[in-house]
4 protein chains.
Amino acid sequence: MAKKTGEKYQAIIEAAVKVIAEHGYHNAQVSKIAKEANVADGTIYLYFKNKEDLLISLFHQKMGEWIMVTKEAIEQAKTAPEKLLTLIHTHFYHLSTHLNFAYVTQVEMRQSNPRIREGVRRSVKSYLNLIDEVIELGMKEGVFRSDIQLFTIRKMVFGTLDEAVTAWLMNDRKYELMNQVIPIHTLFINGLKADKQ
Amino acid sequence: MAKKTGEKYQAIIEAAVKVIAEHGYHNAQVSKIAKEANVADGTIYLYFKNKEDLLISLFHQKMGEWIMVTKEAIEQAKTAPEKLLTLIHTHFYHLSTHLNFAYVTQVEMRQSNPRIREGVRRSVKSYLNLIDEVIELGMKEGVFRSDIQLFTIRKMVFGTLDEAVTAWLMNDRKYELMNQVIPIHTLFINGLKADKQ
Amino acid sequence: MAKKTGEKYQAIIEAAVKVIAEHGYHNAQVSKIAKEANVADGTIYLYFKNKEDLLISLFHQKMGEWIMVTKEAIEQAKTAPEKLLTLIHTHFYHLSTHLNFAYVTQVEMRQSNPRIREGVRRSVKSYLNLIDEVIELGMKEGVFRSDIQLFTIRKMVFGTLDEAVTAWLMNDRKYELMNQVIPIHTLFINGLKADKQ
Amino acid sequence: MAKKTGEKYQAIIEAAVKVIAEHGYHNAQVSKIAKEANVADGTIYLYFKNKEDLLISLFHQKMGEWIMVTKEAIEQAKTAPEKLLTLIHTHFYHLSTHLNFAYVTQVEMRQSNPRIREGVRRSVKSYLNLIDEVIELGMKEGVFRSDIQLFTIRKMVFGTLDEAVTAWLMNDRKYELMNQVIPIHTLFINGLKADKQ
DNA sequence: TATGAATGAGTCTTCATTCAT
DNA sequence: GATGAATGAAGACTCATTCAT
């Protein structure tokens, strides 16, 4: 029970993302997901323990892909400010180009129950760690101020990006999200700039 | 139907805040709220059109109180940076001292359905306007940079504060939220600082 | 939740007995019982915690009525052998005249799950106590042998009556159950007769 | 399809007995039985028409073994009272030493559906015939009374033995079943004793 | 106004059975 | 013969809302 691989596993995950994005969290019945994935209702339970497990797995996997992309992009950049720019860019770009996932993560999934949210939280933690690494590097490099605690800065960075994406989606994407990469980076860099001694 | 005043109206709102905070959004049944408010289930429908209306009204009213407090506090401050400091301080202080409401707004209410979230959004808009006013003032004063769009800055400010409070609550409030007022203010001020020409 | 009185409570119990007797245990859906009782499905849950609770309550109540009838009948009889005759007679007569309950208790309910069967078992215990009292009286009176343990005799008495009723029902009641009262009583009396010293 | 021989056929039957006894009737899924028998789920359907057929076959075979043992034992005894003693002894001894089957037949199988119970009934009939033969012999010998119908006596005998074993199992076998052989035999013999003319 | 008993729509999950390999 | 992945039908229970009193 609960095989975590196979093409049907993938098909179900993709179907779930699509159904949730299109119909909303509260209208994403198991039967609807099964139909979208072209499998029987029961088949879902060969790959997932229950609906909760499906949603958490979905999030875990999609979040994992996003984190990987971000990690690789950041590695290309050299300095901490450049890495931060890359992170902002990748954050916006990835969600812009994975709209269904964007809706799922920014809007729909937040309506889920506490246990699912806890699973989500764990997946998000890895992403927060990525942010932390960039900030810490900047502090070591001496380009980011280190008199403010890491976790306070992380909240500014993540909170700002998260709010920017959510607002963009809730306003029906009627402006260009990517245009905010530079301004937000500028705000961060200025905010984080180490005092010149 | 739907009388928007009376002591029972208030009692029901307060009961709803308490029940949601204590039992979670998904366990806040109308009957439980009625019991907490010492009224019959049916009585709730004399004051609210339906559960959705109750939740939106609740949020609207509580948000209104919060906004009023913030507005008054900001008026006391003179310069934009001081007003921003006051806003951050009041944001954290108000939610610290209205814990039930804090949980309702930061954690529980986000699990609600799209229509309720839309109602919530409208209430939040007034708060975002407050932020906008402070930023705009700073721009006029020439102390905040004006080469970055207002709504981008607003997202940084609100996103950061929101994330800070949510993380604090989700971590069981095991550190002092008020300690982050100054660091966050510092980050904002530096980020927003107008270039000295 | 779970009011154990009222006319609807009774109506639901009677409906359940009827539906189980007519459609069999495995075809006695809550919705079918609700329809038979002329109430909404949900109403059943105002009176019973769940389906299990309904079935156990049903059995408890019907068994209680049966036990009361038997107890009163036995009290009229004077000697232990007469009381035993009365018990056999009442056992057969009550089930003959409460056919739906007879099917429920002898045939359908035995297909239920362990928790329900445990509830049933508790109700049956009171009936076994009645049998015990009669046997013990006979032993005290010196008319029943006391060199055989009470619980062995009780098993003979209950086992025989139970088997007699079940076989009668399973054979579509094509013979007269009441005709077995005297022969079975004779068998018991002879079997139990105390040795004349 | 439905080959009624082969070592897998046996393996499946034995596995079913074990699984039902250990996990209970309602938790004896086909897949669990297949696993226990070290065959694939589908293989079961090469040997049995369906689950019902498996359960009925299982019962038929195990009951057949039991009947054979009993028949042989009875033949050793000479008089009807001795044969009755042997039958009681074998009844208790066989079930004591085939505990899994005892649970299956006395407890678990009774939760099954009507069609299975009908199959079970047919298997039991052969056993009841054995009892009948012993009683009839006693009547012919003139040691058992013949003024009471055979089928009434048979119900006493079978009902008593059945109740004795079931009660023993339901009470977790905390007393010695074999100790009841003599007392029950005594009860029967006295009950059945022909009037001395 | 206020009550609270009654309503009934809506969904996740299990598991016996099949059939392509 | 043997496999085991896939199927899909079926039912208990919750809770927002109503309405007779």
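Naming convention: chains lettered A, B, ... in sequence-line order (proteins, then strands); numbering from 1 in each chain.
- Straight-line distance from the NZ atom of B:K35 to the P atom of F:dC15: 14 Å, rounded to whole Å.
- Residues of residues 107-122 of chain A that place a heavy atom closer than 4.0 Å to DNA chain F do not occur.
- Here the P atom of nucleotide E:dT1 and the CD1 atom of B:I12 are 12 Å apart, to the nearest Å.
- Looking at residues two or more places apart in sequence or on another chain, you find a salt bridge (charged side-chain N to carboxylate O under 4.0 Å, His left out) between A:R122 and A:E118.
- Spacing between atom CG of A:L55 and atom C1' of E:dC12 amounts to 12 Å, rounded to whole angstrom units.
- By the ring-ring contact (aromatic ring centres under 6.0 Å, His included) test, D:Y127 is found to be paired with D:W66, D:H91, residues two or more places apart in sequence or in another chain being considered.
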Sequence neighbours excluded and cut-off under 3.5 Å, please list the side-chain donor-acceptor pairs for residues 11-26 of chain C, or say none.
| residue | atom | partner | partner atom | Å |
| --- | --- | --- | --- | --- |
| C:E14 | OE1 | C:K62 | NZ | 3.4 |
| C:E14 | OE2 | C:K62 | NZ | 2.8 |
| C:K18 | NZ | C:E36 | OE2 | 3.2 |
| C:H26 | NE2 | C:Q111 | OE1 | 3.2 |

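- Contact check for B:L99 versus B:L169: side-chain heavy atoms found under the 4.5 Å cut-off.
- B:F48 places its CZ atom 12 Å from the P atom of E:dA2, with the value rounded to the nearest Å.
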_Dot-bracket notation for DNA chain E, counting Watson-Crick and G-U pairs under 3.5 Å, with | for partners on another strand_ = .||||||||||||||||||||
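- C:S123 is linked by a side-chain contact (heavy atoms from CB on, under 4.5 Å) to C:F59, C:H60, C:M63, counting only residues two or more places apart in sequence or in another chain.
- Scanning for side chain to side chain donor-acceptor pair (under 3.5 Å) contacts around D:T166 gives D:Q106, with sequence neighbours left out.
- Residues forming a side-chain contact (heavy atoms from CB on, under 4.5 Å) with B:S31 (at least two apart in sequence, or on another chain): B:Q29, B:D41.
- In this view, B:R115 and B:E52, B:N113 satisfy the side-chain contact (heavy atoms from CB on, under 4.5 Å) rule, not counting sequence neighbours.
- Distance, D:Y9 OH to F:dG1 C1': 18 Å, rounded to whole Å.
- A donor-acceptor pair under 3.5 Å is formed between the side chain of D:S112 and the backbone N or O of D:M109.
- With rounding to whole Å, B:I33 atom CD1 is found 12 Å from F:dC15 atom P.
- A search for side chain to side chain donor-acceptor pair (under 3.5 Å) contacts involving C:Y9 returns nothing, not counting sequence neighbours.
- A search for salt bridge (charged side-chain N to carboxylate O under 4.0 Å, His left out) contacts involving A:R117 returns nothing, not counting sequence neighbours.
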_Each nucleotide in nucleotides 13-21 of chain E should get exactly one letter: B, S or -. Can you fill that in based on protein heavy atoms under 4.0 Å?_
BBSSBB---
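- Going from atom NZ of B:K32 over to atom P of F:dA16 covers 10 Å, rounded to whole Å.
- At F:dA2, one or more side-chain N or O atoms of D:Y47 fall inside 4.0 Å of OP1 or OP2 (strictly under the cut-off).
- Per the geometry, CG belonging to A:L54 stands 11 Å off P belonging to E:dC12, to the nearest Å.
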